**Student:** 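Mind having a look at this structure? Questions to follow.
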Amino acid sequence: MNASVRRLIVAVGVFAMLVAIGTIGYFVLGTGRWSFADCAYMTVITISTVGFFELGHMREVPGARALTVGLIIGGVGVLAYMQSNLTALLVEGVIGQALRRRRMHREIEKLSGHIVVAGAGGTGKHVVEELVVTRTPFVVIDRSEATLKHISDEMCGGKMLHVCGDATLDHVLLAAGIKRARGVVAALTHDKDNLYVTLSARSLNASARIVSKVVEDEAAPKIIKAGASSIVNPTMIGARRLAGELIRPEVHEFLDQMVRDKDKNLRLEEVNIPPLSSLIGAALKDTPIRRETRVLVVAVRDTSRVFTYNPEPDFVLLEGSILIVMGETDSVVKLRQLVADSVVRPTIEPAQPVRSLRPPT
């Protein structure tokens, strides 16, 4: 129950109490001269300031007109308060929701290269948490408006972009900007739903990277055939984590602290070396990566998908290389900007005037 509803209920309660006070007051003052219905009617038209007529012989009853004046003064304030809250409820309710949906639709239309998260349940909620921490633009799809609002208020200050609907439907995926998305996370409860989301997403966006949650092992090859780039089995990961806590507890404690540190937000990230970058052909020690961004290059993957772990300072970067780095979120953002700024834009020479081949006359 939101604040407007609570205020409206309070206003209605005060109005009812005022009507009861006026009705009983008139009845008591009249000592049976006026019926209870006449007293209630007189109270309502007085509070509403309509005032068709007075009860008979009111001037002969001490205190009756004083009560009327008090009801008019109190009624004006109560009615104004009730009407303002009713108007606020309508604006925040039907009209407000329509305006918010329209505004959110416009913001989603502006997105490009974002992540679409299908499902805001137990798995999807943690996906959203990671996307928020890494400042990755995203849109969440879920059938429950209450769930979406809860996650939005908890993690995004109420500003999370979302679409309320069935993620297995094409028009819902299109509303989330699936055609402009660079990635899709299928995190629904059942494998068949994730299979359908994967199939629909791949048909709508052939270049997107699709990662799907898998519950049953036999569903994994089917989801891969449907177009998923990768699959994740939370049960299997949980089992490995349980074993790892016994075998190498210090390693897992380090990873936990790295992920959960709210002050530093230390993360493992990947950064591509694009074509025409001035970093191509340069040794790691000669680049400003460490000096300006303070990230640690953990590994480098070349175009043949071979990883070089803990590369030497003399390691030469090639076009298409992917840097696996560890650093704080702000540092990774700086590194991405540094790599983007390193791209050398080709200069376009001005067109030369065309000389006539005709001999002079």
Side-chain angles (χ1 to χ4, degrees), residues 105-120 123-124 127-128 130-132 134-142 161-163 165-188 191-214 219-232 267-277 279-280 299-307 317-325 332-333 335-337 339-343 345-346:
H105 179 67
R106 289 198 299 265
E107 291 179 4
I108 292 175
E109 285 184 333
K110 296 177 183 178
L111 285 181
S112 181
H114 60 287
I115 304 297
V116 175
V117 181
T123 303
V127 172
V128 171
E130 182 65 16
L131 294 176
V132 170
T134 56
R135 304 177 190 176
T136 304
F138 64 93
V139 178
V140 184
I141 302 175
D142 197 86
L161 298 181
H162 62 268
V163 176
D166 187 352
T168 63
L169 301 178
D170 285 0
H171 74 272
V172 175
L173 291 172
L174 290 172
I178 184 68
K179 288 188 175 182
R180 304 181 305 278
R182 67 180 175 93
V184 179
V185 176
L188 299 176
D191 286 335
K192 62 180 181 179
D193 293 331
N194 289 322
L195 174 64
Y196 209 93
V197 169
T198 300
L199 188 61
S200 299
R202 182 56 70 204
S203 65
L204 294 171
N205 189 335
S207 61
R209 178 172 177 81
I210 302 175
V211 181
S212 175
K213 168 187 170 183
V214 175
K222 297 177 183 178
I223 294 179
I224 290 293
K225 288 181 181 179
S229 308
S230 180
I231 56 173
V232 175
R267 288 292 186 275
L268 283 169
E269 296 284 351
E270 60 181 64
V271 179
N272 294 14
I273 303 299
L276 303 178
S277 171
L279 300 176
I280 297 173
V300 179
R301 198 197 76 179
D302 57 24
T303 54
S304 61
R305 304 187 66 84
V306 175
F307 282 97
L317 299 178
L318 303 176
E319 179 181 337
S321 296
I322 297 179
L323 306 180
I324 309 300
V325 301
V332 176
V333 171
L335 175 59
R336 295 189 191 281
Q337 187 61 47
V339 172
D341 294 341
S342 71
V343 176
R345 307 296 177 186

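Computed from a prediction, not measured in an experiment: that's the story for all the values here.
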**Student:** Suppose we screen for salt bridge (Lys or Arg N to Asp or Glu O under 4.0 Å). Which residues come up paired with R209, at least two apart in sequence or across chains?
**Tutor:**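 Partners of R209 by the salt bridge (Lys or Arg N to Asp or Glu O under 4.0 Å) criterion come out as none, since no residue qualifies.
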
**Student:** For K213 and T123, work out which heavy atoms get closest and say how close.
**Tutor:**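 Smallest interatomic distance, heavy atoms only, reads NZ-OG1, 3.5 Å.
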
**Student:** Considering residues at least two apart in sequence or located in another chain, which fulfil the side chain to side chain contact (heavy atoms under 4.5 Å, CB included) criterion with E107?
**Tutor:**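 For E107 the side chain to side chain contact (heavy atoms under 4.5 Å, CB included) partners, ignoring immediate neighbours, are R103, L161.
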
**Student:** Can you sort out the partners of N272 under side-chain hydrogen bond (donor to acceptor under 3.5 Å, both in side chains), two or more places apart, ordered by chain and number?
**Tutor:**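 None.
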
**Student:** Tell me every residue that passes side chain to side chain contact (heavy atoms under 4.5 Å, CB included) with A299, counting only those two or more places apart in sequence or in another chain.
**Tutor:**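 A299 satisfies side chain to side chain contact (heavy atoms under 4.5 Å, CB included) with F307, Y309, I324 once adjacent residues are dropped.
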
**Student:** Just how far is it from atom CG of L188 to atom CG of N194, taken to the nearest 0.5 Å?
**Tutor:**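 The CG atom of L188 sits 4.5 Å away from the CG atom of N194.
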
**Student:** My understanding is that only residues two or more places apart in sequence, or in another chain, count here; which of them pass side chain to side chain contact (heavy atoms under 4.5 Å, CB included) with S304?
**Tutor:**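 Side chain to side chain contact (heavy atoms under 4.5 Å, CB included) check on S304 returns D302, V306.
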
**Student:** What are the two closest non-hydrogen atoms of A228 and T198, and how far apart are they?
**Tutor:**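 Shortest heavy-atom separation between A228 and T198 comes out as N-CG2, 3.3 Å.
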
**Student:** Taking side-chain hydrogen bond (donor to acceptor under 3.5 Å, both in side chains) as the definition, give me every residue that meets it alongside S112, ordered by chain and number, with sequence neighbours left out.
**Tutor:**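 Scan of S112 (side-chain hydrogen bond (donor to acceptor under 3.5 Å, both in side chains), adjacent residues dropped) gives none.
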
**Student:** List for me each residue that meets side chain to side chain contact (heavy atoms under 4.5 Å, CB included) alongside S277, sequence neighbours excluded, and say none if there are none.
**Tutor:**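 Applying side chain to side chain contact (heavy atoms under 4.5 Å, CB included) to S277 gives I273, P274, L279, I280, S342.
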
**Student:** If you define the side chain from C-beta out and look only at heavy atoms, does anything of V127 sit under 4.5 Å from L131?
**Tutor:**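 They are in side-chain contact.
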
**Student:** Do the charged groups of E269 and R336 touch, with an N to O distance under 4.0 Å?
**Tutor:**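 Judged by the 4.0 Å cut-off on N to carboxylate O distance, E269 and R336 do form a salt bridge.
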
**Student:** Could you check if a side-chain atom of I210 sits within less than 4.5 angstrom of a side-chain atom of R202, using non-hydrogen atoms only?
**Tutor:**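 Yes; the side chains approach each other to less than 4.5 Å.
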
**Student:** Quick check: do V333 and R135 have side-chain heavy atoms less than 4.5 Å from each other?
**Tutor:**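 Result yes, sub-4.5 Å side-chain heavy-atom pair found.
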
**Student:** Could I get the full list of side-chain hydrogen bond (donor to acceptor under 3.5 Å, both in side chains) partners for T134, not counting sequence neighbours?
**Tutor:**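 Only T136 meet the side-chain hydrogen bond (donor to acceptor under 3.5 Å, both in side chains) criterion with T134.
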
**Student:** Just jot down the side-chain hydrogen bond (donor to acceptor under 3.5 Å, both in side chains) partners of T303, sequence neighbours excluded, or say none.
**Tutor:**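 Result, side-chain hydrogen bond (donor to acceptor under 3.5 Å, both in side chains) vs T303: none returned.
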
**Student:** Do any side-chain atoms of residues 169-187 form donor-acceptor pairs under 3.5 angstrom with protein atoms, and if so which ones, sequence neighbours left out?
**Tutor:**
unit_1	atom_1	unit_2	atom_2	d
D170	OD1	S200	OG	3.4
R180	NE	L111	O	2.7
R180	NH2	I108	O	2.8
R182	NE	G113	O	3.0

**Student:** Not counting sequence neighbours, which residues clear salt bridge (Lys or Arg N to Asp or Glu O under 4.0 Å) with D166? List them please.
**Tutor:**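 Result, salt bridge (Lys or Arg N to Asp or Glu O under 4.0 Å) vs D166: R143.
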
